[in-house]
Amino acid sequence: MATVKAMHNEAYQDYYLVENKNGVKLALSPFGARALDLIVPVGEKEVDLMVGPKDLAGYHENPYYNATIGPIAGRVAGAQFELDGETFTTEDSQQGNTLHGGLNGYDKQTFDATPFQEEGKAGVMFAYTDPDGAHGFPGTVQVKATYTLSDENVYSFKFEATSDKPTIFNPTNHGYYNLTGSPANTIDEHTLEIRASKVGETNDDITTTGRLLDVAGTKFDFLGGKKIGTTLLDDPFVFDNNQASVLVLTSPDGLISMELTTTEPAVVIYTTRDAEAGLNFKNGVMSQHAAIAIEPQGIPGTEKYPQFGSIRLDPEKPFMAESSFKLHF
């Protein structure tokens with residue numbers, strides 16, 4: 001049966017270790033309501049699928065890694081948005097835009113933690129109160145981020161929120177993965193399948209334009225599954241149908257794969273590059289193309305483009321989104 005234990009060590013300080021009956025291990029930290037490790041047993045060895053710093057100090061320096069991102073994942077273009085005829089100005093945290101919630105988003109907050117064990121699964125529910133006006137967003141938002149590991153080898157994260165005022169809300173988990181177990185190896189030989197025939201067009205600053213483009217015949221066409229190769233990505237893929245699995249990532253040797261299902265309409269895929277190469281992380285020094293970030297969420301820019309749907313959060317309608325990775329090994 002899956003179990004969860006409160007742990008402490010010099011590297012991660014206070015954290016939680018979830019382990020299922022098959023030997024899969026998930027380490028979780030209240031800082032940023034983040035995952036730290038996702039370890040699967042393969043033969044006689046353990047493989048850590050998650051890429052990140054060696055210790056909590058490293059996460060303070062590189063806070064997006066494997067964290068809960070919010071209140072808005074991605075970029076709010078021009079660091080402002082309109083809601084009910086009122087213009088709200090948010091924090092400029094990257095080139096005139098608001099990236100990942102601003103200068104002190106959820107990735108930099110310490111959440112309250114409540115571990116739980118239920119039949120066939122265990123995990124931690126993290127809670128945080130985001131005060132009215134923080135980052136420039138209206139409303140006091142009560143946030144819950146629940147991370148779970150089941151005995152069926154499913155790793156999942158669920159986000160819930162309520163607000164006392166109309167606001168916008170579009171969180172994600174910013175998980176970075178390399179299925180070889182070391183970021184010293186590139187992800188070039190990983191196979192990626194994304195069941196998305198559309199990708200969001202982006203400007204030079206990675207904000208979206210409001211247009212969706214066909215992936216056919218472009219570098220974004222992962223419909224049939226293909227090796228990532230040297231492709232660099234920082235783009236939102238819009239699912240054709242999120243009622244079934246929407247993405248599969250497979251290790252170069254074919255022994256490990258992660259299969260994503262989600263309630264969200266899109267996923268942002270980011271591949272690491274020059275900016276991250278050389279970082280001395282756990283399990284190895286980051287190579288040129290060391291990790292792939294898989295970020296299920298509403299389509300970035302939805303607050304500006306109603307054709308993308310809605311990320312509005314009203315007091316009378318709580319938010320809930322859940323994503324799950326089925327681990328095959």
Would you say the side chains of R273 and Q288 form a donor-acceptor pair under 3.5 Å? no
Using distance alone, with no hydrogens and no angle criterion, decide if N242 and T262 have a side-chain donor and acceptor under 3.5 Å apart. no
Would you mind checking if E193 and R195 are paired as a salt bridge, meaning a charged N to carboxylate O distance below 4.0 Å? yes
Would D151 and N20 count as having a side-chain donor-acceptor pair, cut-off 3.5 Å? no
Spell out, yes or no, whether L223 and L233 are grouped together once hydrophobic residues are joined by side-chain heavy atoms under 4.5 Å, including indirect joins. yes
Mind checking the CG-CD spacing from D55 to E61? Nearest 0.5 Å is all I need. 8.0 Å
Salt bridge (Lys or Arg N to Asp or Glu O under 4.0 Å) partners for R312, two or more places apart: D84, D314
Is the shortest side-chain heavy-atom distance between L255 and F329 below 4.5 Å? no
Candidate pair T129 and Q142, rule side chain to side chain donor-acceptor pair (under 3.5 Å), full reasoning: CA-CA 5 Å; T129 300; Q142 305 288 342; 2.7 Å; yes
Are more than 12 heavy atoms, taken from residues, nucleotides or ligands other than E316, located less than 6.0 Å from that residue's CD atom? yes
Working to the nearest 0.5 angstrom, can you tell me the gap between I206 CD1 and D235 CG? 7.0 Å
Salt-bridged, K282 to D48, with N to O below 4.0 Å? yes
Think K226 forms a cation-pi with F222, using NZ or CZ under 6.0 Å from the six-ring centre and within 45 degrees of its axis? yes
Is atom CD of Q307 surrounded by more than 12 heavy atoms (other residues, nucleotides or ligands) closer than 6.0 Å? yes
Could you check if a side-chain atom of T146 sits within less than 4.5 angstrom of a side-chain atom of F126, using non-hydrogen atoms only? no
Less than 4.0 angstrom from a charged side-chain N to a carboxylate O is my criterion; do D188 and K227 meet it? no
Parallel under 30°, tilted from 30 to 60°, perpendicular over 60°: which one fits the rings of H174 and Y64? parallel
Do any pairs count as a ring-ring contact (aromatic ring centres under 6.0 Å, His included) and have a residue in residues 242-293, sequence neighbours left out, and if so which ones? Y65-F281
Could you give me the CA-CA distance, side-chain angles and deciding distance for Y305 and T209, then say whether side chain to side chain donor-acceptor pair (under 3.5 Å) is met? CA-CA 9 Å; Y305 303 115; T209 68; 5.9 Å; no
N-O pairing of K25 and E46 below 4.0 Å: yes
Let me see the working for Y12 and L56 under side chain to side chain contact (heavy atoms under 4.5 Å, CB included), right down to the final yes or no. CA-CA 5 Å; Y12 290 158; L56 199 62; 5.5 Å; no
Would you please say whether a donor-acceptor pair under 3.5 Å links the side chains of Y59 and D107? no
List the residues meeting salt bridge (Lys or Arg N to Asp or Glu O under 4.0 Å) with E201, not counting sequence neighbours, and say none if there are none. R211
Enter the distance from T90:OG1 to I168:CD1 here, rounded to the nearest 0.5 Å. 7.5 Å
Check whether any side-chain heavy atom of V248 lies under 4.5 Å from a side-chain heavy atom of L260, and answer yes or no. no
Could you measure the distance from the CD atom of E259 to the CG atom of L249? Nearest 0.5 Å is fine. 11.5 Å
Surrounding NZ of K317 (heavy atoms of other residues, nucleotides or ligands, distance under 6.0 Å), is the total greater than 12? no
Thinking salt bridges, do K165 and D132 make one under a 4.0 Å N-O criterion? yes
F237 vs F220 aromatic rings, parallel, tilted or perpendicular, using cut-offs 30° and 60°? perpendicular
So, F31 versus H60, ring centres under 6.0 angstrom or not? yes
To the nearest 0.5 Å, tell me how far I69 CD1 sits from N170 CG. 11.5 Å
